[in-house]
Amino acid sequence: MSFKALMLATAMSGALFAATGALASDLTIGFSQIGSESGWRAAETTVSKAEAKKRNINFKIADAQQKQENQIKAIRSFIAQGVDAIFLAPVVSTGWDTVLKEAQEAKIPVVLLDRDIDPAGKSLYLTAVTSDSVHEGKVAGEWLVKTVNGKPCNVVELQGTVGASVAANRKKGFEDGIAGASNVKIVRSQTGDFTRAKGKEVMESFIKAEGGGKNICAVYAHNDDMMVGAIQAMKEAGLKPGTEVLTVSIDAVPDIFKAMAAGEANATVELTPNMAGPAFDAIVAFKEKGTVPPKWIQTESKLYTQADSPKAVYESKKDLGY
């Protein structure tokens with residue numbers, strides 16, 4: 001073979017490799033992220049970027065700062081840019097029909113991450129990668145029932161953002177978990193917007209309303225960040241969270257394991273921050289092979305307590321971007 005022929009063959013084989021081995025690198029995906037209202041949300045963004053990098057996907061993230069109108073603007077911007085797919089972590093569950101129809105008309109598949117939307121909109125997205133948030137709440141409730149072991153227990157509840165599917169589901173799940181225990185009852189429930197600051201503020205109001213906290217047996221928070229704020233409020237009020245007042249929350253962010261190690265928190269249910277990995281795989285398979293994913297890709301949840309080496313768990317999670 002002549003040198004010229006050899007060079008031509010090499011160039012052709014390189015082009016073939018590029019065409020077959022790096023299709024994912026040709027994909028551009030836009031992600032309308034809710035914001036960074038919690039440590040878990042920040043970790044989801046960090047892990048999503050890492051998962052995109054693994055697959056050589058051009059990944060564009062728009063931070064909505066907890067506002068639906070910003071998410072709608074971001075989706076329309078992604079449509080105008082002609083992205084290959086759109087990921088959406090919806091701040092609330094309703095009000096998406098018009099913009100998702102626009103994405104559908106542009107033949108851009110939409111994947112929901114972490115949260116679902118109103119069932120009427122299910123035809124407007126390809127798949128949803130979420131945990132079973134009802135199950136998460138139920139696990140939390142069942143843990144509390146087992147822990148108090150028949151003793152009377154007044155619970156105060158820190159809800160997530162009003163209108164968010166995950167908040168409604170975690171509330172329902174917890175209520176299901178305690179339904180068979182007449183000794184356990186929710187006496188106060190208010191939104192803390194999934195933030196530490198609001199969680200602390202609401203917990204302060206609960207403490208004042210419940211005899212300086214003496215009437216509170218346990219706190220249930222829809223996420224760990226609100227619980228971290230609630231723990232601070234309890235300590236400032238002279239209470240001892242983790243002993244005098246039981247705590248159970250959801251997400252399993254590093255700071256809750258710090259609190260566990262200090263004896264100030266009792267239990268958390270894990271929500272994995274890696275929603276994007278399965279979503280990327282679903283989109284690549286859909287684009288390359290036309291494989292339609294199941295409508296729901298469920299992620300795993302796990303209950304952690306003080307018996308699960310909280311210091312070690314903290315070390316394993318601390319560099320994930322929480």
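Counting begins at 1 with the first residue of the sequence.
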Enquirer: Fit a plane to each ring of F174 and Y220, take the angle between them on a 0 to 90° scale, and name the class: parallel (under 30°), tilted (30 to 60°) or perpendicular (over 60°).
Expert: parallel
Enquirer: Report the distance from atom CZ of F206 to atom OG of S189, rounding to the nearest 0.5 Å.
Expert: 6.5 Å
Enquirer: Taking A89's backbone N and O only, do any of them form a donor-acceptor pair with Q71's side chain (distance below 3.5 Å, no angle check)?
Expert: yes
Enquirer: Can you tell me how the ring of F280 sits relative to the ring of F59, calling it parallel under 30°, perpendicular over 60° and tilted otherwise?
Expert: perpendicular
Enquirer: Do V83 and I283 share a hydrophobic cluster (ILVMFWY, side-chain heavy atoms under 4.5 Å, transitive)?
Expert: no
Enquirer: Got a salt bridge between E210 and R188, using NZ or NE/NH1/NH2 to carboxylate O under 4.0 Å?
Expert: yes
Enquirer: Where is the tightest heavy-atom contact between G263 and Q306, given as atom of each residue plus distance?
Expert: CA-NE2, 3.6 Å
Enquirer: Counting neighbours of CD on E300 that are heavy atoms of other residues, nucleotides or ligands and sit closer than 6.0 Å, is the number greater than 12?
Expert: no
Enquirer: For the residue pair I117 and T94, establish whether any side-chain heavy-atom pair is separated by less than 4.5 Å.
Expert: no
Enquirer: Applying side-chain contact (heavy atoms from CB on, under 4.5 Å) to T98 and R76, what does each step give before you reach the verdict?
Expert: CA-CA 11 Å; T98 300; R76 286 185 170 138; 3.8 Å; yes
Enquirer: Side chains of R115 and I34: closer than 4.5 Å at any heavy-atom pair?
Expert: yes
Enquirer: Please say yes or no: joined through hydrophobic side-chain contacts below 4.5 Å, possibly via intermediate residues, are I250 and I186 part of one cluster?
Expert: yes
Enquirer: Does any pair with a residue in residues 51-141 pass disulfide (SG to SG under 2.5 Å), and if so which ones, sequence neighbours excluded?
Expert: none
Enquirer: State, to 0.1 Å, how close V91 and A164 come at their nearest heavy-atom pair, and which atoms those are.
Expert: O-CB, 3.6 Å
Enquirer: Report yes or no: is the cationic atom of K73 (NZ for Lys, CZ for Arg) closer than 6.0 Å to the six-membered ring centre of F78, at no more than 45° off its axis?
Expert: no
Enquirer: Which distance, rounded to the nearest 0.5 Å, do you find between the CD1 of I86 and the OG1 of T28?
Expert: 12.0 Å
Enquirer: Determine the minimum heavy-atom distance between K311 and A261, stating which atoms define it.
Expert: CG-CB, 3.8 Å
Enquirer: Do I75 and E102 make a side-chain contact, defined as non-hydrogen atoms from C-beta onward lying under 4.5 Å apart?
Expert: no
Enquirer: Check for a donor-acceptor pair, side chain of S133 on one end and backbone N or O of N169 on the other, with a separation under 3.5 Å.
Expert: no
Enquirer: Quick test of your reading of the model: are K287 and D26 salt-bridged, counting only N-O distances below 4.0 Å?
Expert: no
Enquirer: Between E175 and K172, does at least one N-O distance fall below 4.0 Å, as a salt bridge requires?
Expert: no
Enquirer: At their closest point, which heavy atom of V245 faces which heavy atom of A218, and how far apart are they?
Expert: CG1-CA, 4.0 Å
Enquirer: I'd like to know if E204 pairs up with K200 as an ion pair, taking the criterion as any Lys NZ or Arg NE/NH1/NH2 lying under 4.0 Å from an Asp or Glu carboxylate oxygen.
Expert: yes
Enquirer: As a quick check of understanding, evaluate side-chain contact (heavy atoms from CB on, under 4.5 Å) for W296 and T127, giving each step before the final call.
Expert: CA-CA 6 Å; W296 180 31; T127 185; 5.7 Å; no
Enquirer: Looking only at side chains, do D224 and T268 share a donor and an acceptor under 3.5 Å apart?
Expert: yes
Enquirer: Given side chains that start at C-beta, do those of K60 and Q81 come closer than 4.5 Å, heavy atoms only?
Expert: yes
Enquirer: Has K122 got more than 12 heavy atoms of other residues, nucleotides or ligands less than 6.0 Å from its NZ?
Expert: yes
Enquirer: Between V187 and N215, is there a side-chain heavy-atom distance shorter than 4.5 Å?
Expert: no
Enquirer: What are the two closest non-hydrogen atoms of G160 and H222, and how far apart are they?
Expert: N-ND1, 3.0 Å
Enquirer: Examine I207 and V248 and state if one hydrophobic cluster contains both, with Ile, Leu, Val, Met, Phe, Trp and Tyr joined whenever side-chain heavy atoms are less than 4.5 Å apart.
Expert: no
Enquirer: Sort out for me which residue in T130, V129, T299, L271 forms a side-chain contact (heavy atoms from CB on, under 4.5 Å) with D114.
Expert: L271
Enquirer: Walk me through it: do F87 and M275 pass the test side-chain contact (heavy atoms from CB on, under 4.5 Å)?
Expert: CA-CA 10 Å; F87 290 176; M275 303 284 178; over 6 Å; no
Enquirer: So D251 and Y322, side-chain hydrogen bond (donor to acceptor under 3.5 Å, both in side chains) or not? Walk me through it.
Expert: CA-CA 11 Å; D251 280 356; Y322 287 96; over 6 Å; no
Enquirer: State yes or no: do I256 and W143 share one hydrophobic cluster built from I, L, V, M, F, W and Y residues joined by side-chain heavy-atom distances below 4.5 Å, directly or via other members?
Expert: no
Enquirer: Taking S131 as the fixed residue, which of R170, E136, E270 is the one that meets the side chain to side chain donor-acceptor pair (under 3.5 Å) rule?
Expert: E136
Enquirer: Could you give me the CA-CA distance, side-chain angles and deciding distance for Q33 and E44, then say whether side-chain hydrogen bond (donor to acceptor under 3.5 Å, both in side chains) is met?
Expert: CA-CA 9 Å; Q33 174 62 290; E44 183 194 29; 2.9 Å; yes
Enquirer: Can you see which heavy atom on A267 is nearest to which on L303, and at what distance?
Expert: CB-CD1, 4.2 Å
Enquirer: Using the test salt bridge (Lys or Arg N to Asp or Glu O under 4.0 Å), find all partners of K302 that sit at least two apart in sequence or belong to another chain.
Expert: none
Enquirer: Hey, could you give me the CG/CH2 distance between L124 and W96, rounded to the nearest 0.5 Å?
Expert: 12.5 Å
Enquirer: Is the closest basic N to carboxylate O distance between D97 and K101 below 4.0 Å?
Expert: no
Enquirer: Does a salt bridge link R41 with D225, judged by any charged N lying under 4.0 Å from a carboxylate O?
Expert: no
Enquirer: At what distance, to the nearest 0.5 angstrom, does CD1 of I216 lie from CG of L246?
Expert: 12.0 Å
Enquirer: Take T191 and D193, measure what side-chain hydrogen bond (donor to acceptor under 3.5 Å, both in side chains) needs, and give me the verdict at the end.
Expert: CA-CA 6 Å; T191 181; D193 284 333; 3.3 Å; yes
Enquirer: Should the heavy atoms of other residues, nucleotides or ligands under 6.0 Å from NZ of K317 be counted, would the total exceed 12?
Expert: yes
Enquirer: Looking only at atom types and distance, does a side-chain atom of D118 sit under 3.5 Å from a main-chain N or O of G121, one as donor and one as acceptor?
Expert: no
Enquirer: With side-chain contact (heavy atoms from CB on, under 4.5 Å) as the criterion, how do Q232 and V228 come out once you've worked through the C-alpha distance, each side chain's angles and the decisive distance to 0.1 Å?
Expert: CA-CA 6 Å; Q232 187 61 38; V228 171; over 6 Å; no
Enquirer: Is any side-chain N of the basic residue among R55 and D281 closer than 4.0 Å to the acidic one's carboxylate O?
Expert: yes
Enquirer: S32 and side-chain contact (heavy atoms from CB on, under 4.5 Å): which partner among L88, I72, V99?
Expert: L88
Enquirer: Taking side-chain contact (heavy atoms from CB on, under 4.5 Å) as the criterion, tell me which of E264, M260, M227 meets it with T247.
Expert: M227
Enquirer: Hydrophobic clusters here meaning ILVMFWY residues chained together by side-chain heavy-atom distances under 4.5 Å, can you tell me if V284 and I29 are in one?
Expert: yes
Enquirer: For residues 152-220, which residue pairs qualify under disulfide (SG to SG under 2.5 Å), counting only residues two or more places apart or in two chains?
Expert: C153-C217
Enquirer: Looking at D308 and T305, would you say the former's side chain and the latter's main chain have a donor-acceptor pair under 3.5 Å?
Expert: yes
